[in-house]
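Below: one structure, written as structure tokens.
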Amino acid sequence: MKSKSIIDHSKKKKKKFNPLAPIQSKKLEPKVINFHGNGINTEYDDDDYENYTYNLSKKQLKEEAEKLLIQRKSLPVYQNKDEILKYISENTVVVLIGETGSGKSTQIPQFLMDLPFSENNNRNAVSKPKIAVTQPRRVAAINLATRVSKEYGCRVGEEVGYSVRFDNKSSNNKTRLKYLTDGMLLRELMLDSKLSHYNYIIIDEAHERTILTDLLLGFLKQLITCERKNNLKIIVMSATLQAEKFSDFFNKAPILFVQGRTYPVEKYYIANSNNNSRDNHSDVVESMIRSIVQINNGEPLGGDILCFLPGQEEIDKACNLLNKISPLIHKYSKTPQIVALPLYAALPPNKQTQVFLPLSEKKQFKRKVILATNIAETSVTIPGIKYVIDSGLRKVKVWRHQLGLSTLLTVPISKASCSQRAGRAGRESAGKCFRLFNEQDYGKLPIQNEPEIIRCDITNPILMLKKIGVKDVVNWTWLENPGKSSIIYGLQELYELGGLNENGEITKKGSEMALLPLSPHLSNVILEACVSHCLDSVLDIVACLSVENLMLNPAVERRDEINEKRLSLCHRGSQYGDLIMMKELYDMYNSLKTSAEKDQWCQELCISSRGFKNVLKIREQLKGYMRKIGYKLDGEEEKQQQNLSDTKRILKCFLHGYIKNTAIGMPDRSYRTTATGETISIHPSSLLFLNKNCPAILYTEYVFTTKGYARNVSRIELSWLQDVALVARKSK
DNA sequence: GAGCACTGC
């Protein structure tokens, strides 16, 4: 039986790759395993573990590891260890499909650590291998390294370590197993294009198809056909059904399948009806609430409900409604009282953590209902979920390079997402998943989500390719070719920013841009700021722009009050817009002394205080990179009071990165973009939303929702526009 | 006068 759970795709892949198969077979013994795959374990506190291990002797660490070994041996991957290793040793590339709970991300790297690895030219020099395991998310990399070092019997940063942005716990000579984010490995690749210190590279969660994993796979394919032909092995790990895509890409690499350990999840669909089509998104909130009430009523107490909705708007609406009606329902129907909790990225952190806390009064007649976006699909694991209700929708940002703008669309999810969401009900015990669409509609869903690289702006990825020395980007080893026109748009954009010359070769400036952890546009802004001697101020703003969800959305009741407050505090910002506001906020934040003061200040202005801490880190990192590139920083003494000429200088730097993102004020008080002449409106989240008298505006983002909106808007003068355009033309 | 899903360096 055991040997059947791992197979070569040449035999019977069809049966094993049935996308409609239930989440788990019946053979499962209901045994609780302490960790599932690499799901993010919120119970871990890395600092605690570090402090804890610090006091342990080597011997004690080994003893701890011995204890864990018993548990490890029960994992499906462990039970197939020899067979898996046989495949890996016989092939350059292996694709491994490990279901949730199979232990693939923790165990397979450890198996490899024990293998002797002979360098290709020298059979005598047998060394212990070095392994890199990539993850799409920081938390996952950190938690995995923490867990595995414990199993291995060492401290984090010794034989087992990790490397993520702002946090590196690994040592060059000691660490042999390193968990890192895929962005980090790409950075290593830019500095050492052969990745010469690794013998094995494992790309985990490859099915998520982030731009960065796609790029890595493309590079690895090049490496194993040329420079590292005989001494680098690759394992592509994926939880769902893209195995054949990866296998084909790597010349029919063998596919291994390891069953997981999750509990069965029963699935229910809504019944067919003629007019209740899913095209009608307007009533998702309503049907979601109906289902919640029904399930709360029909299912036994014990086990919380996780609901997937497309966005913040729907979630807030549903939460408000539910919390209003739940006391009434509870009173009249004697069903558990519903406690509705929202969960999405822009939610203040203290509200986010509420979903993890057990309801305060023990054994009360209450049930948690969590209404979440996609954040709960992969990034966050909530304990205690037994029921999932899936609207089948999500929001995607789609970049349209033809128009230079992005659109935000509500779209049906893929079958893979469906099963990922359903799986959230089966982490701790058997569960149920209710889908708010019928079975025919399910059948029509795409198998996978569209890979990111198809729908995003790829200007930065192209710069990376150029930096690593790829000459012909159109015919590169793309796992998925983003299309000629998208590539050409990126090349053109880089040429206009001065990152490429007319032959499409990377310039010195382009090389510098590639090293900065920013979009090429923002990189260009800070490089320009060096020349204009306003790097300090521009760095403040760029660091703020780099943090997502820095300015949180105030709740409706507090909205006007907070807008007023922001406006009255930022004198220059209220006149010149959001970028200057960020500079002012940055200075205010830094002038506060205690962290309690800072936190309170953030709260009052509805600013993420964790976000602001990140701003400071990013600013430091950018400064470091600028020094490395060879720029002399102006030094802090230049920090004088801002005046008009400074504001002008700062905004002109931004024009150098965003000359295309400008619009001119019309007599009817609308704005028309300089690039295409389209009408564009200032986004309601901007400080300039009420200000209708700008001669021209500059914005860092152009989004189309109900109409075209400019985000992060600044007031500029027409003459600045001319100046910058002339300079840009001259330098070509 | 109206609203952005999620990551990463």
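Naming: A, B, ... by sequence-line order, numbering from 1 per chain.
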Completion exercise
Sorted by number, residues from residues 679-689 of chain A placing a heavy atom under 4.0 Å from DNA chain B are A:His683, A:Pro684, A:Phe689

Practice task
Report yes if at least one side-chain N or O of A:Thr410 is closer than 4.0 Å to OP1 or OP2 of B:dA5; otherwise report no.
Solution key: no

Practice task
Could you list the residues that satisfy side-chain contact (heavy atoms from CB on, under 4.5 Å) with A:Arg187, not counting sequence neighbours?
Solution key: A:Met190, A:Pro517, A:Tyr625

Problem - Protein-nucleotide distance (A:Arg209, atom CZ; B:dC6, atom P), rounded to Å - result: 22 Å

Problem - Nucleotide B:dA2, atom P - distance to CD of A:Glu313 in whole Å - result: 13 Å

Practice task
Please determine if a side-chain N or O atom of A:Ser546 lies less than 4.0 Å away from the OP1 or OP2 oxygen of B:dC9.
Solution key: no

Exercise for the section: Mark yes or no for whether A:Glu205, through its side chain, and A:Gln135, through its backbone, hold a donor-acceptor pair below 3.5 Å. Expected result: no

Handout entry: Protein-nucleotide distance (A:Asn374, atom CG; B:dA5, atom P), rounded to Å
Key = 11 Å

Completion exercise
side-chain contact (heavy atoms from CB on, under 4.5 Å) filter on A:Cys606, not counting sequence neighbours, yields A:Leu552, A:Pro554, A:Ile562, A:Arg566

Completion exercise
In whole angstroms, the gap separating P of B:dA5 from CG of A:Leu409 amounts to 13 Å

Problem - Nearest-angstrom distance from the residue atom OH of A:Tyr344 to C1' of B:dA5 - result: 13 Å

Completion exercise
From CG of A:Leu212 across to P of B:dG8 the rounded distance in Å is 10 Å

Handout entry: Exam field: side chain A:Thr507 to backbone A:Gly498, donor-acceptor pair closer than 3.5 Å
Key = yes

Problem - Side-chain N,O (A:Gln621) to OP1/OP2 (B:dC9) below 4.0 Å - result: no

Problem - Nearest-nucleotide pick for A:Arg137, side chain only, options being B:dT7, B:dG1, B:dC9 - result: B:dT7

Handout entry: Partner residues of A:Asp560 under the side-chain contact (heavy atoms from CB on, under 4.5 Å) criterion, sequence neighbours left out
Key = none

Exercise for the section: Quick one: label A:Glu701 by what it contacts on the DNA or RNA (base, sugar-phosphate, nothing), any heavy atom closer than 4.0 Å. Expected result: base

Exercise for the section: Send over the distance from A:Phe166 CZ to B:dT7 P, rounded to a whole Å. Expected result: 16 Å

Handout entry: Out of B:dC9, B:dC6, B:dA5, whichever nucleotide has its closest atom nearest the side chain of A:Gln312
Key = B:dA5

Handout entry: 5'-most by nearest nucleotide on DNA chain B - A:Ala346 or A:Arg187
Key = A:Ala346

Exercise for the section: Output yes when at least one side-chain N/O atom of A:Thr210 is less than 4.0 Å from OP1 or OP2 of B:dG8, else no. Expected result: no

Practice task
By nearest nucleotide on DNA chain B, pick out whichever of A:Tyr709 and A:Pro136 is the more 5' one.
Solution key: A:Tyr709

Problem - Length of the CZ-P vector between A:Arg455 and B:dA5, whole Å - result: 14 Å

Handout entry: Partners passing side-chain contact (heavy atoms from CB on, under 4.5 Å) against A:Thr679 (at least two apart in sequence or in another chain)
Key = A:Ser670, A:Arg672

Fill in the blank from the handout: From the candidates B:dA5, B:dT7, B:dA2, the one with an atom nearest any side-chain atom of A:Lys707 is B:dA2

Practice task
Look at all strands and tell whether A:Arg394 reaches a base, only sugar-phosphate, or nothing, counting heavy atoms closer than 4.0 Å.
Solution key: nothing

Completion exercise
Rounded to the nearest 0.5 angstrom, the CZ-CD1 distance for A:Arg715 and A:Ile682 is 10.5 Å

Problem - Non-neighbouring partners of A:Lys466 that pass side-chain hydrogen bond (donor to acceptor under 3.5 Å, both in side chains), sequence neighbours left out - result: none

